[in-house]
Structure formats: C-alpha cells, structure tokens
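Below is one structure, written out as structure tokens; comments come after it.
Bear in mind that the values here come from a model prediction, so they are computed numbers and not experimental data.
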Amino acid sequence: MVFGYSPEVVYGAVLVVSALLTVLYFFFSDVLDGLFDVADHPLFSPQLVLSFFIVASAVGLLAEWYTDWASRWIVGLSIGVALVVVLLLHFFVFLPLRSAEASLGYTDAELEGSLAKVIVSVPPDGFGEILISRQSGVVAKSAKSANNEAIPSGEEVIIVQMENGVAVVARHDPYHLSI
C-alpha cells in the first residue's frame with residue numbers, strides 16, 4: 001500500500017497523468033519552453049522526464065499484474081527499464097533530431113556571400129524580403145540593410161551576414177571591386 005492505495009492504482013494514476021501531460025506538452029511545447037527555461041541540460045528535457053514516468057509506471061503496472069514479485073523489486077525493475085529506455089531515446093532519437101538542420105538544402109552560414117534579389121523593399125531601419133536562387137530551389141528570407149540605407153524592390157543585393165534567420169544585405173555593384 002502506497003498512501004493508502006494499492007500499487008496498481010498508483011502506477012495507473014502516474015501513467016494517466018504522465019500521458020496527459022505529454023499530450024499537453026506536445027501542443028504547448030513552444031510556450032512552455034519559453035516560460036520554463038530552467039534546465040539547460042538535454043537529459044532534463046520535459047520529453048525525457050515524461051517518457052521516464054510513462055515507461056516506469058507502465059512497466060510497474062504490468063509487473064504488478066503479471067508477476068508475484070515483491071513491490072520493492074518491481075519498483076527497481078521499473079526504474080531500471082525506464083532509465084534504459086530514456087537513455088536510448090536521448091542518444092538515438094532526441095540528440096540526432098536536435099542536431100538536424102531545419103532544411104537539408106542549405107544552412108544559414110552557406111547563404112552568406114550569396115546574391116539575392118529584393119522582392120519587398122528594405123527600409124533603412126526595418127525589414128524587407130529577398131529571394132535567393134539556389135540549386136535546391138528558391139528561398140525567401142527576411143532582410144535588413146547593412147548600411148541603414150533604403151534598398152528598392154528589384155535591386156540585386158549580396159548577403160553580408162545571417163543574424164537569427166534574417167539576412168543582412170548590401171547593394172551589389174558588379175562593376176565595383178574592392179580588394
């Protein structure tokens with residue numbers, strides 16, 4: 001008995017609550033990540049913590065139902081299996097996903113030095129939009145002026161730098177070479 005309840009009830013309650021929290025986290029992860037940015041270590045991510053509780057409670061519930069082992073052995077088994085599953089998830093699923101690029105065609109660093117055409121004029125102190133032709137297709141990016149000058153639509157520009165997904169651009173003059 002745990003807090004006056006049988007182990008099956010405790011495992012079942014933890015399983016249901018963890019599953020509901022996982023579904024809520026799936027839908028509201030962007031908001032929650034911004035609000036609760038406390039643990040910077042990837043092993044303490046909400047996905048892994050919730051996965052740990054789901055696996056541990058499911059293994060405990062099944063072991064209570066189908067074995068006649070003592071509850072303390074079942075708790076140990078549940079924690080051990082959950083740790084193994086969470087570590088496998090971390091190293092073989094979440095780490096590769098975290099290091100994957102948003103697009104396999106290019107990275108922001110590769111765009112630096114590329115030529116582009118302004119499709120929405122870039123004001124001196126604001127943002128416009130540019131169109132970059134790549135081998136993998138055409139990419140539109142937000143842009144701001146490197147020299148705080150207005151760049152009209154249709155002008156050819158060069159991407160000087162990428163800052164948080166925004167291209168810092170300057171007018172491109174093919175006849176002016178600076179060495």
Side-chain angles (χ1 to χ4, degrees), residues 1-112 114 120 126-127 129-132 134-144 159 161-168:
M1 297 294 271
V2 180
F3 301 116
Y5 297 103
S6 68
E8 292 92 352
V9 172
V10 174
Y11 286 128
V14 170
L15 180 63
V16 168
V17 169
S18 299
L20 289 174
L21 287 175
T22 301
V23 170
L24 287 174
Y25 184 76
F26 176 76
F27 288 114
F28 300 110
S29 62
D30 291 336
V31 174
L32 294 174
D33 284 344
L35 290 176
F36 303 111
D37 193 18
V38 286
D40 195 26
H41 196 277
L43 280 176
F44 297 117
S45 68
Q47 302 98 325
L48 288 177
V49 171
L50 290 170
S51 298
F52 174 82
F53 283 115
I54 287 173
V55 171
S57 61
V59 168
L61 187 61
L62 291 172
E64 286 287 346
W65 280 346
Y66 296 112
T67 67
D68 56 354
W69 295 353
S71 291
R72 65 177 173 267
W73 293 108
I74 293 174
V75 168
L77 173 73
S78 301
I79 290 173
V81 169
L83 281 174
V84 168
V85 168
V86 164
L87 287 173
L88 289 173
L89 270 174
H90 173 69
F91 288 112
F92 293 110
V93 176
F94 292 134
L95 274 182
L97 284 176
R98 184 173 298 197
S99 63
E101 289 286 334
S103 170
L104 298 177
Y106 67 93
T107 62
D108 280 351
E110 291 175 354
L111 295 179
E112 293 179 2
S114 298
V120 175
F127 296 93
E129 192 169 358
I130 59 171
L131 198 62
I132 309 159
R134 310 266 315 157
Q135 289 179 341
S136 59
V138 180
V139 179
K141 286 281 189 186
S142 298
K144 67 179 184 178
I159 300 173
Q161 181 180 2
M162 292 297 293
E163 294 178 352
N164 299 325
V166 176
V168 179

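In this structure, CZ in Phe53 is found 12.0 Å from OG in Ser78, a value given to the nearest 0.5 Å. Rounded to the nearest 0.5 Å, atoms OG (Ser51) and CG (Leu87) are 11.5 Å apart. Atoms CG and CH2, on Asp68 and Trp73 in that order, are 14.0 Å from each other to the nearest 0.5 Å. Going from atom CZ of Phe26 over to atom CG of Leu21 covers 15.0 Å, rounded to the nearest 0.5 Å.
Annotation: side chain to side chain contact (heavy atoms under 4.5 Å, CB included) contacts of Thr67 (sequence neighbours excluded): Ala63, Trp69, Ile74. Ala140 pairs by the side chain to side chain contact (heavy atoms under 4.5 Å, CB included) definition with Glu129, Leu131, not counting sequence neighbours. Residues that satisfy the side chain to side chain contact (heavy atoms under 4.5 Å, CB included) test with Ile159, not counting sequence neighbours, are Leu111, Ser114, Ile130, Ile132, Met162, Ala167, Val169. Remark: Ser71 engages Glu64 in a side chain to side chain donor-acceptor pair (under 3.5 Å) (not counting sequence neighbours). With sequence neighbours excluded, the residues forming a side chain to side chain contact (heavy atoms under 4.5 Å, CB included) with Phe94 are Gln47, Leu48, Leu89, listed by chain and number.
Counting heavy atoms from C-beta on, the side chains of Thr22 and Tyr25 never come closer than 4.5 Å. Residues Phe27 and Val23 have side chains in contact (heavy-atom distance under 4.5 Å, counting atoms from C-beta outward).
When each of Ile79, Val85, Leu77, Val75 is checked for a side-chain contact (heavy atoms from CB on, under 4.5 Å) with Val59, only Leu77 meets the rule.
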Show me the side-chain donor-acceptor pairs of residues 7-17 shorter than 3.5 Å, one per line, residues at least two apart or across chains.
unit_1 : atom_1 : unit_2 : atom_2 : d
Glu8   : OE1    : Ser6   : OG     : 3.4

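Ser18 and Ile54 get closest at one heavy-atom pair: CB-CG1, 3.5 Å.
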